[in-house]
2 protein chains.
Amino acid sequence: MEIKVKEVPCEGHEYSNCDKHIAAVHDTMDVLSGKWKITIISLLGFGKRRYSEILKEVTGISGKMLSRELKDMEMNLLVKRTVISEQPISVVYELTDYCVDLLPVIHSLAEWGTKHRRCIVDQFKQERTEVSA
Amino acid sequence: MEIKVKEVPCEGHEYSNCDKHIAAVHDTMDVLSGKWKITIISLLGFGKRRYSEILKEVTGISGKMLSRELKDMEMNLLVKRTVISEQPISVVYELTDYCVDLLPVIHSLAEWGTKHRRCIVDQFKQERTEVSA
DNA sequence: CTGCATCCTGGGCGATACTG
DNA sequence: CAGTATCGCCCAGGATGCAG
């Protein structure tokens, strides 16, 4: 996080917090980045799952990526890993309470995304009618 | 956006909306993705800027990337591009009203990111004291 | 079953030079 | 001044195989 904006006159928000603000946004983006984390969080939102269950239910993900993402998410305290010592051994993952704080943020992303898709589609349609007119 | 989660029993939210929800989140992430968009939006939050001004104030960005990001953001209706026919020619960019809807979302990302950084740092400190104890 | 190591490819991003 | 073109690096992520 070495991204910086040079000093500029303030209109609306405090500059002194600006760099930190930007860094904080990137922190969250990093936690959610990659192709699979959102999907995994959404799936685990339905309840705890075993590794192999996640592998089946998240269509398209490879074993390597799932391991990597889960380890990453565990380090970020988003999921709890529990080893069940049966034969054969199994491991269950579940969302932490901490991760629940993230859900409203994800919802706000989803809301804007939904609106945005409509907006872009409408613009596309409008351009087509203008051409045909 | 072909990411899918297979049917699973619902606990809490409706499954039928789940795929769309995930796709919508990714839509927003795509719009904000890359190394520079957040920074550019934040800068333009202070007011309109010329291309060369942005180039100077966003430290580290190259001309190529700035052109590319601005073009991308213009397609996504986030910025408005205005050519001023002076000599030498200049171009000013400003946030659209539409982009303003995105600011609360960005703020929520920043809030969680700030908290998360504290959380991870605290965990790190705690692990160190446990080792020394 | 769970998870890591290896190899490989596409795309994000940087540096530099060039055009209107 | 505002961009584009070319080159090239690096790394996220896919495929496959191995280990505990």
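To find a chain, count down the sequence lines: A is the first, B the second, and so on, and within it residues start at 1. The figures that follow rest on heavy atoms only: side chains count, while hydrogens, waters and symmetry mates do not. Just so you know, these numbers come straight off a predicted model, no measurement behind them.
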What are the atom names and distances for every N/O pair under 3.5 Å that joins the protein to nucleotides 17-20 of chain D?
none

>> Is there a side-chain contact between His26(A) and Ile38(B) in this structure, where contact means two heavy atoms from C-beta onward sitting under 4.5 Å apart?
In response: yes
> Between dC13(C) atom C1' and His26(A) atom NE2, what is the distance in whole Å?
Replying inline: 13 Å
>> Check the phosphate of dT16(C) against Ser62(B), side-chain N and O only, distance under 4.0 Å to OP1 or OP2. Yes or no?
In response: no
> Excluding sequence neighbours, so at least two apart, what forms salt bridge (charged side-chain N to carboxylate O under 4.0 Å, His left out) with Lys64(A)?
Replying inline: none
> To the nearest angstrom, how far is Ile61(B) atom CD1 from dC13(C) atom P?
Replying inline: 10 Å
> Taking the side chain of Ser90(B) as its heavy atoms from C-beta onward, which of dA2(D), dG13(D), dT2(C) lies nearest to it?
Replying inline: dA2(D)
> By side-chain hydrogen bond (donor to acceptor under 3.5 Å, both in side chains), which residues pair with Glu111(B), not counting sequence neighbours?
Replying inline: none
>> Which residues pass the side-chain hydrogen bond (donor to acceptor under 3.5 Å, both in side chains) test with Glu94(B), not counting sequence neighbours?
In response: Lys80(B)
>> If the condition is side-chain contact (heavy atoms from CB on, under 4.5 Å), which residues does Leu55(B) pass it with, not counting sequence neighbours?
In response: Tyr51(B), Ile61(B), Leu66(B)
>> According to ring-ring contact (aromatic ring centres under 6.0 Å, His included), does anything in residues 57-106 of chain A pair up with another residue at least two apart or in another chain? List the pairs.
In response: Tyr98(A)-Trp112(B), Tyr98(A)-His116(B)
> Residues sharing Ile84(B)'s hydrophobic cluster, by side-chain heavy-atom contacts under 4.5 Å among ILVMFWY, directly or via others?
Replying inline: Val92(B)
> How close or far is atom C1' of dA12(D) from atom NZ of Lys37(A), stated in whole angstroms?
Replying inline: 10 Å
> In whole angstroms, how far is the P atom of dA2(D) from the CG atom of Leu55(B)?
Replying inline: 9 Å
>> Expected output is a numbered-order residue list: members of residues 65-75 of chain B with a heavy atom under 4.0 Å from any atom of DNA chain C. What is it?
In response: Met65(B), Arg68(B)
> Got Leu32(B) and Leu109(B) here, is their nearest side-chain heavy-atom distance under 4.5 Å?
Replying inline: yes
> Nearest-Å distance, CD1 (Ile54(B)) to C1' (dG3(D))?
Replying inline: 13 Å
>> With a cut-off of less than 4.0 Å, is there a side-chain N or O of Tyr51(A) near OP1 or OP2 of dC4(C)?
In response: no
> Can you tell me how far P of dC1(D) sits from OH of Tyr93(B), to the nearest Å?
Replying inline: 14 Å
>> How many whole angstroms separate atom CD1 of Ile84(B) from atom P of dA2(D)?
In response: 10 Å
> What nucleotide among dC13(C), dA2(D), dC1(C) has an atom nearest to a side-chain atom of Ser52(A)?
Replying inline: dC1(C)
>> My understanding is that only residues two or more places apart in sequence, or in another chain, count here; which of them pass side-chain contact (heavy atoms from CB on, under 4.5 Å) with Lys37(A)?
In response: Ser33(A), Glu69(A), Asp72(A), Met73(A)
